Chemist: 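Below: one structure in structure tokens.
Residues: numbered from 1 along the sequence shown. Treat the numbers as computed from the prediction; the structure is a model and nothing was measured.
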Amino acid sequence: ENSLIEDSAEKQRATINASYDDQIEDLKRYLETEGDLTPKAKAAVNETIDRLNKKRTADLAKVNEKEMRNQLQQEADYIRQKLELSTEGDYQEYDLKAKLLKKEKEIELSNTKLTAEQKQLIEDSYQKKLDEMTSEYERKKQEKAMEALELELSNRLAAAKIAGEDELQVELENAKKRLDSLQQLEGESDAEFKARQLEAQQEYLDAKEELAQREIEIEQAKLDAASQITGALSGLFEQLGESNKAFLILSKTLALAEIAI
């Protein structure tokens, strides 16, 4: 299609040049053949030739502008077609959207009647759109990474349950990974990021405290069991000690041990 656009524009340029060439040649020939022209008349003919050349330049510029706009529009349409086939959220989609923005900007800037101020406004407008689009893309990419991490941690905990591993220990490790992987999201304020940091830190401390409390309970259960066993032996030896001095001494020793526990 580009070749068709170029062929059409080339034909228009050829037609325009031929038309103005004929008119200008006629005027030049008139100057050469009319020997009794006054200086004023000759000056008027030359001014006409200058006007025709300027008009030719303007007409050619319009053709060139239209050709450029058509080519840019065609390129933009091609990018839109590729966008329809891209995967939402991936880099290719972002890259194609950025290229489409650039083409749309070039189409607007191809208007030769724009002032320098109008051109700058267009530049600023499209730069703002690109910045917003880039920020959104980076934020979604970060959110996907967070989702992938959560899935990984969830799978790790599920596997630990199946394998009979220490779940509290795995939860503590998961909380540490969340804390270590924390990053400020694109467009997130410092206050919002700080709040997420504090939440992750608290989650880690809670998991750590829960694990420590479990260890305390286990140790306490061990002490309670040892105390019960010692108490039972002590009572047995007291009964035996009534008839045996050695058992009586051992009974007192066990009683002291129970108190120590």
Side-chain angles (χ1 to χ4, degrees), residues 1-138 140-141:
E1 292 186 14
N2 273 337
S3 61
L4 293 176
I5 293 173
E6 291 173 2
D7 289 345
S8 175
E10 194 59 42
K11 288 179 181 178
Q12 291 180 57
R13 282 190 286 266
T15 300
I16 290 170
N17 281 322
S19 173
Y20 282 102
D21 285 342
D22 289 343
Q23 295 179 66
I24 292 171
E25 284 300 319
D26 288 343
L27 290 172
K28 286 182 177 180
R29 191 178 302 108
Y30 176 72
L31 286 174
E32 293 173 356
T33 56
E34 294 295 329
D36 57 349
L37 289 175
T38 64
K40 186 176 181 179
K42 289 181 179 180
V45 173
N46 284 324
E47 287 178 2
T48 301
I49 292 174
D50 288 340
R51 284 198 299 272
L52 287 172
N53 277 323
K54 289 178 181 178
K55 185 69 166 55
R56 183 219 303 261
T57 300
D59 288 350
L60 290 173
K62 289 180 181 178
V63 173
N64 293 338
E65 179 183 344
K66 183 178 180 181
E67 178 188 23
M68 180 181 293
R69 287 177 69 88
N70 287 340
Q71 287 179 340
L72 291 172
Q73 188 61 59
Q74 188 181 79
E75 291 169 4
D77 290 340
Y78 176 67
I79 294 172
R80 290 189 185 94
Q81 291 174 2
K82 292 184 71 174
L83 258 175
E84 292 177 359
L85 302 175
S86 65
T87 303
E88 184 177 358
D90 68 1
Y91 177 76
Q92 184 190 32
E93 182 197 42
Y94 163 77
D95 185 53
L96 288 171
K97 284 183 176 180
K99 288 178 179 177
L100 181 59
L101 272 180
K102 183 180 178 182
K103 289 299 174 187
E104 290 174 344
K105 179 185 72 173
E106 290 174 352
I107 290 172
E108 287 198 45
L109 290 175
S110 67
N111 184 350
T112 56
K113 296 179 181 179
L114 292 173
T115 64
E117 183 179 359
Q118 289 172 325
K119 288 181 179 180
Q120 189 59 53
L121 288 174
I122 291 172
E123 290 278 2
D124 293 343
S125 173
Y126 277 94
Q127 185 60 50
K128 182 181 179 182
K129 290 178 181 179
L130 179 61
D131 291 343
E132 290 174 349
M133 188 181 73
T134 301
S135 178
E136 181 65 18
Y137 167 73
E138 290 297 332
K140 287 183 177 179
K141 186 170 71 171

Chemist: Suppose we screen for side chain to side chain donor-acceptor pair (under 3.5 Å). Which residues come up paired with Q118, at least two apart in sequence or across chains?
Modeler: T115
Chemist: Applying salt bridge (Lys or Arg N to Asp or Glu O under 4.0 Å), can you list everything that pairs with K102, at least two apart in sequence or on another chain?
Modeler: none
Chemist: Of all residues at least two apart in sequence or in a different chain, which pass the salt bridge (Lys or Arg N to Asp or Glu O under 4.0 Å) check with E25?
Modeler: none
Chemist: Could you tell me if D124 and Q120 have a donor-acceptor pair between their side chains, going purely by distance under 3.5 Å?
Modeler: yes
Chemist: Restricting to side chain to side chain donor-acceptor pair (under 3.5 Å), what partner residues turn up for T57, sequence neighbours left out?
Modeler: none
Chemist: Please table the atom pairs, donor to acceptor, closer than 3.5 Å between any side-chain atom in residues 88-98 and protein atoms at least two apart or in another chain.
Modeler:
{"residue": "D90", "atom": "OD1", "partner": "Q92", "partner atom": "N", "Å": "3.4"}
{"residue": "D90", "atom": "OD1", "partner": "E93", "partner atom": "N", "Å": "2.9"}
{"residue": "E93", "atom": "OE1", "partner": "G89", "partner atom": "N", "Å": "2.7"}
{"residue": "Y94", "atom": "OH", "partner": "T134", "partner atom": "OG1", "Å": "2.8"}
{"residue": "D95", "atom": "OD2", "partner": "K99", "partner atom": "NZ", "Å": "3.3"}

Chemist: Mind checking the CZ-CG spacing from R51 to L27? Nearest 0.5 Å is all I need.
Modeler: 10.0 Å
Chemist: Which residue pairs satisfy the side chain to side chain donor-acceptor pair (under 3.5 Å) criterion with at least one member in residues 26-36, sequence neighbours excluded?
Modeler: D26-R29
Chemist: Evaluate the side-chain proximity of T15 to Q12: yes if any heavy-atom separation is below 4.5 Å, no if none is.
Modeler: no
Chemist: Show me the donor-acceptor pairs within less than 3.5 Å that the side chains of residues 125-133 make with the rest of the protein, sequence neighbours left out.
Modeler:
{"residue": "Y126", "atom": "OH", "partner": "E108", "partner atom": "OE2", "Å": "2.7"}
{"residue": "Q127", "atom": "NE2", "partner": "D131", "partner atom": "OD1", "Å": "3.0"}

Chemist: Supply the atom-to-atom distance D21 CG to L52 CG, rounded to the nearest 0.5 angstrom.
Modeler: 10.5 Å
Chemist: Where do E104 and L101 land on the side-chain contact (heavy atoms from CB on, under 4.5 Å) test, with the steps shown first?
Modeler: CA-CA 5 Å; E104 290 174 344; L101 272 180; 4.0 Å; yes
Chemist: Would you call N64 and R13 a side-chain contact if the rule is heavy atoms closer than 4.5 Å?
Modeler: yes
Chemist: Output all residues satisfying ring pair (Phe, Tyr, Trp, His ring centres under 6.0 Å) with Y20, sequence neighbours left out; order by chain, then residue number.
Modeler: none
Chemist: Using the salt bridge (Lys or Arg N to Asp or Glu O under 4.0 Å) criterion, which residues pair with R69? Sequence neighbours excluded.
Modeler: none
Chemist: Considering residues at least two apart in sequence or located in another chain, which fulfil the side chain to side chain donor-acceptor pair (under 3.5 Å) criterion with N17?
Modeler: R56
Chemist: Compare all side-chain heavy atoms of N46 with those of L31 and state whether any distance is below 4.5 angstrom.
Modeler: yes
Chemist: Only counting residues at least two apart or in another chain, list the ones meeting salt bridge (Lys or Arg N to Asp or Glu O under 4.0 Å) with K55.
Modeler: D59
Chemist: For L100 versus A76, what's the shortest heavy-atom pair and its separation?
Modeler: CD1-O, 3.6 Å
Chemist: Rounded to the nearest 0.5 Å, what separation is found between the NZ atom of K119 and the CD atom of E123?
Modeler: 9.5 Å
Chemist: Could you report the tightest heavy-atom contact between E65 and S110, atom names first, then the distance?
Modeler: CG-O, 3.3 Å
Chemist: Among residues at least two apart in sequence or on other chains, which ones pass side chain to side chain donor-acceptor pair (under 3.5 Å) with E106?
Modeler: none
